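Accompanying notes for the structure given below.
Letters go in sequence order (proteins before strands), and every chain restarts at 1. Nothing here was measured: the structure is a model prediction, and the numbers come from that model.
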Protein chains: 2
Amino acid sequence: MISAFDSIAQGLQEAIDLNNGKEVAAKTHRLESVDVAELRRNLGLTQMEFASKFCISVSTLRHWERGDRTPHGPALALLNVVAKEPQAVMRALA
Amino acid sequence: MISAFDSIAQGLQEAIDLNNGKEVAAKTHRLESVDVAELRRNLGLTQMEFASKFCISVSTLRHWERGDRTPHGPALALLNVVAKEPQAVMRALA
DNA sequence: GCATTAAGTAATCCATTGGATTACAATTTT
DNA sequence: AAAATTGTAATCCAATGGATTACTTAATGC
């Protein structure tokens with residue numbers, strides 16, 4: 001849920017860095033926060049099923065859904081992939 | 001790099017749990033540890049490129065490759081997906 | 001309607017990971 | 001050989017991931 005402003009500001013900063021010949025691991029530019037509960041409901045899964053299919057612990061998922069924890073780094077990346085290519089992820093983790 | 005013995009032992013424990021009507025979020029049964037450096041080399045990427053494409057920090061990746069940190073939970077899941085469906089992940093995170 | 005089961009909320013604990021940073025070594029490129 | 005690139009290593013810190021216990025809400029079966 002990054003705002004358009006934040007996204008542009010980040011994109012601008014990265015362009016500056018690239019101009020400086022400094023390539024950063026630009027992970028935040030393409031990653032969006034994910035409404036995990038909505039994603040899960042859209043997939044028609046219970047928390048247990050989601051956690052099982054995507055190989056995370058159910059307590060972790062619950063923390064995310066309640067909003068008292070925020071997925072970061074690889075967790076956020078995984079969720080973005082789940083959101084965009086759920087079948088591929090399930091295939092890979094079956 | 002879980003051994004076959006560990007995998008079977010885990011599978012057995014899970015079968016027992018399912019028999020007890022207790023479904024666990026069975027994340028470890030299908031996840032294998034990943035030789036991250038090998039995976040990266042197989043994809044023909046530098047650390048920076050890999051970190052950028054898969055939206056993790058390069059310092060995280062380096063810790064993994066050196067073995068002083070071990071990806072866990074969502075991170076390990078992500079790496080498993082990268083190992084099995086790299087194109088899908090790259091597509092999703094482009 | 002009640003008991004049971006399933007699904008989900010919430011709080012707490014702890015280990016360690018993720019990310020950033022600095023310094024340096026090794027490798028590749030010019 | 002020098003410069004640039006790539007990768008190793010150590011350190012710091014926040015907070016996450018996972019587990020656990022207790023509880024509430026929703027669904028199911030008799």
Side-chain angles (χ1 to χ4, degrees), chain A residues 2 10 13-14 17-31 33-82 93, chain B residues 2 10 13-14 17-31 33-82 93:
Chain A
I2 60 176
Q10 284 172 343
Q13 184 59 44
E14 281 175 11
D17 289 334
L18 288 169
N19 259 345
N20 291 347
K22 176 176 150 193
E23 183 186 352
V24 296
K27 64 172 168 75
T28 55
H29 178 54
R30 291 155 300 180
L31 283 189
S33 69
V34 176
D35 184 335
V36 184
E38 183 177 8
L39 172 60
R40 176 175 64 78
R41 285 190 297 261
N42 287 343
L43 293 172
L45 303 170
T46 65
Q47 291 181 340
M48 277 290 228
E49 287 166 344
F50 187 100
S52 177
K53 283 190 190 305
F54 302 115
C55 298
I56 57 172
S57 87
V58 71
S59 62
T60 292
L61 174 63
R62 285 169 180 161
H63 280 294
W64 290 343
E65 292 205 7
R66 290 191 305 261
D68 43 87
R69 286 207 200 128
T70 301
H72 78 316
L76 186 58
L78 176 67
L79 288 176
N80 268 262
V81 181
V82 168
L93 301 179
Chain B
I2 57 177
Q10 282 172 347
Q13 184 58 44
E14 280 173 11
D17 288 335
L18 287 170
N19 260 344
N20 292 345
K22 176 176 151 192
E23 184 186 348
V24 297
K27 65 171 166 73
T28 56
H29 179 52
R30 291 154 300 176
L31 283 190
S33 68
V34 175
D35 184 334
V36 184
E38 182 177 9
L39 171 60
R40 176 176 62 79
R41 285 191 297 262
N42 287 343
L43 292 173
L45 303 170
T46 65
Q47 291 182 338
M48 276 288 228
E49 287 165 344
F50 187 100
S52 178
K53 281 189 191 306
F54 301 117
C55 299
I56 56 172
S57 89
V58 71
S59 63
T60 292
L61 174 61
R62 286 171 177 159
H63 278 293
W64 291 343
E65 292 205 6
R66 291 196 302 265
D68 43 88
R69 286 205 201 129
T70 302
H72 78 316
L76 186 58
L78 176 67
L79 288 175
N80 267 263
V81 181
V82 169
L93 300 179

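In this structure, A/Leu45 places its CG atom 13 Å from C1' of C/dA7, rounding to the nearest Å. In this structure, the CD1 atom of B/Ile56 is 18 Å from the P atom of D/dT16, given to the nearest Å. As a whole-Å value, the separation of B/Glu49 CD from D/dG7 C1' is 13 Å. Summarising the geometry, the separation between CG on B/Leu76 and P on D/dG17 is reported as 14 Å, rounded to the nearest angstrom. Atom C1' of nucleotide D/dG17 and atom CG of B/Leu31 are separated by 14 Å, given to the nearest angstrom.
Residues that satisfy the side-chain contact (heavy atoms from CB on, under 4.5 Å) test with A/Thr46, not counting sequence neighbours, are A/Met48, A/Glu49. Taking the salt bridge (charged side-chain N to carboxylate O under 4.0 Å, His left out) definition, one finds that A/Arg66 meets it with A/Asp68, sequence neighbours left out. Residues meeting the salt bridge (charged side-chain N to carboxylate O under 4.0 Å, His left out) test with B/Arg40, sequence neighbours left out: B/Glu65. By the side-chain contact (heavy atoms from CB on, under 4.5 Å) test, A/Ala75 is found to be paired with A/Trp64, A/Pro71, B/Pro74, residues two or more places apart in sequence or in another chain being considered. Applying the side-chain contact (heavy atoms from CB on, under 4.5 Å) test to B/His72 and every residue at least two apart in sequence or in another chain returns nothing. Under the side chain to side chain donor-acceptor pair (under 3.5 Å) criterion, A/Thr70 pairs with no residue at all, not counting sequence neighbours.
The two residues A/Ala51 and A/Ser57 come nearest to each other via the heavy atoms CB-C, 4.0 Å. The minimum heavy-atom distance between A/Ala77 and B/Leu93, with the atom names listed, is O-CD2, 4.0 Å.
Overall, the helix from C/dG1-D/dC30 to C/dT30-D/dA1 carries an axis bend of 60° between its ends, with five pairs at each end and the value rounded to 10°.
Side-chain contact between B/Val34 and B/Val82 is absent, with no heavy atoms from C-beta onward closer than 4.5 Å. Looking at B/Phe54 and B/Leu39, their side chains never come closer than 4.5 Å, going by heavy atoms from C-beta outward.
Tested against B/Leu79 for a side-chain contact (heavy atoms from CB on, under 4.5 Å), the candidates B/Val36, B/Leu31, B/Ile56 yield a single pass: B/Val36.
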Using nucleotides 24-30 of chain C, report all nitrogen or oxygen pairs with the protein that are shorter than 3.5 Å.
none

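A heavy atom lying under 4.0 Å from DNA chain C marks the following residues of residues 60-70 of chain A, by number: A/Arg62, A/His63, A/Arg66, A/Arg69.
At a threshold of 4.0 angstrom between heavy atoms, the contacts of A/Ser59 include nucleobase atoms, whether or not backbone atoms are also involved.
Residues A/Pro71 and B/Arg40 both approach DNA chain D. Their nearest nucleotides, taken by heavy-atom distance, put B/Arg40 toward the 5′ side.
Between A/Gln47 and C/dT9, a side-chain N or O to OP1/OP2 separation shorter than 4.0 Å is present.
Listed candidates were D/dG18, D/dG7, C/dG19. Nearest to the side chain of B/His72 is D/dG18.
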